[in-house]
Amino acid sequence: MKIFLLVAFILSALEIGVFIWIGGWIGPWWVVGFVLLTGAVGFYLAKQQGIETWNRAQLSMQHGEAPTGYIIDGICILIGAVLLVTPGFISDIVGFLLVIPTTRKLFNQRIEKFLKYLINKRTIIYRRW
């Protein structure tokens, strides 16, 4: 939890610095416009990708397959959507990387390894029925 708070504090400070830097470069109203635009576009894209991933997961379950890849895609989309709705340019860049399908693949393996690590460490407990 301490690491999470430290990362959140550092990320917030960086976001404020980027706001000030870009605001001095293009003007504060353009910054507000870009924040609103990226939030709206990101929300639309996350919703569209989330629905598409949900439909593909349901289709794979109807064929008797486990939707593990789609679950990890859904986690990426959820995290990306939260970052896109959060005001900030750094969070928007990471959010778009997590929501766009081609760049989301870069994160899938890392998230899967991290989840396996948490399961092996017994931080996440699951049961097979």
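- A distance of 11.0 Å separates CD1 in Ile10 from CG in Leu5, rounded to the nearest 0.5 Å.
- Listed by chain and residue number, nothing satisfies the ring pair (Phe, Tyr, Trp, His ring centres under 6.0 Å) test with Phe107 (two or more places apart in sequence, or in another chain).
- Hydrophobic clustering places Ile22 together with Leu14 (ILVMFWY residues linked when any side-chain heavy atoms are closer than 4.5 Å, directly or through intermediates).
- Environment of CZ in Arg56: crowded, with over 12 heavy atoms of neighbouring residues, nucleotides or ligands closer than 6.0 Å.
- Residues meeting the side chain to side chain contact (heavy atoms under 4.5 Å, CB included) test with Val41, sequence neighbours left out: Leu37, Phe96.
- With sequence neighbours left out, Lys105 forms a salt bridge (Lys or Arg N to Asp or Glu O under 4.0 Å) with no residue at all.
- Val31 is connected to Trp21 through a chain of hydrophobic side-chain contacts under 4.5 Å among Ile, Leu, Val, Met, Phe, Trp and Tyr, so both are in one cluster.
- In this structure, the side chains of Phe19 and Pro87 come closer than 4.5 Å at one or more pairs of heavy atoms.
- Residues Arg104 and Leu97 have side chains not in contact (no heavy-atom distance under 4.5 Å, counting atoms from C-beta outward).
- For the salt bridge (Lys or Arg N to Asp or Glu O under 4.0 Å) test, no residue two or more places apart in sequence or in another chain qualifies with Glu65.
- Distance alone, capped at 3.5 Å, places no donor-acceptor pair between the Thr53 side chain and the Gly50 backbone.
- No continuous path of hydrophobic side-chain contacts links Leu78 to Val94 [ILVMFWY only; heavy atoms under 4.5 Å].
- Considering every non-hydrogen atom in both Val99 and Gln49, the closest pair reads O-CG, 3.6 Å.
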After noting the C-alpha distance and the side-chain angles of Ile90 and Leu11, does the key distance pass the side chain to side chain contact (heavy atoms under 4.5 Å, CB included) rule?
CA-CA 8 Å; Ile90 299 169; Leu11 185 60; 3.8 Å; yes
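- The other residues sharing a hydrophobic cluster with Ile16 are Ile20, where clustering joins ILVMFWY side chains under 4.5 Å apart.
- A continuous path of Ile, Leu, Val, Met, Phe, Trp and Tyr side chains, each step under 4.5 Å between heavy atoms, connects Leu106 with Leu83, placing both in one hydrophobic cluster.
- A heavy-atom distance below 4.5 Å is found between the side chains of Ile111 and Cys76.
- Here ring pair (Phe, Tyr, Trp, His ring centres under 6.0 Å) pairs that include residues 26-79, with residues two or more places apart or in two chains, number zero.
- The hydrophobic cluster containing Val85 does not contain Ile79, counting ILVMFWY residues as joined when their side-chain heavy atoms lie under 4.5 angstrom apart, directly or transitively.
- With hydrogens and angles disregarded, a donor-acceptor distance shorter than 3.5 Å links the side chain of Glu15 to the backbone of Phe89.
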Go through the steps for Leu98 and Ile77 under the test side chain to side chain contact (heavy atoms under 4.5 Å, CB included), then give the verdict.
CA-CA 6 Å; Leu98 286 168; Ile77 292 168; over 6 Å; no
Steps toward side chain to side chain contact (heavy atoms under 4.5 Å, CB included) verdict (Thr103, Ile100)
CA-CA 6 Å; Thr103 56; Ile100 296 171; 3.6 Å; yes
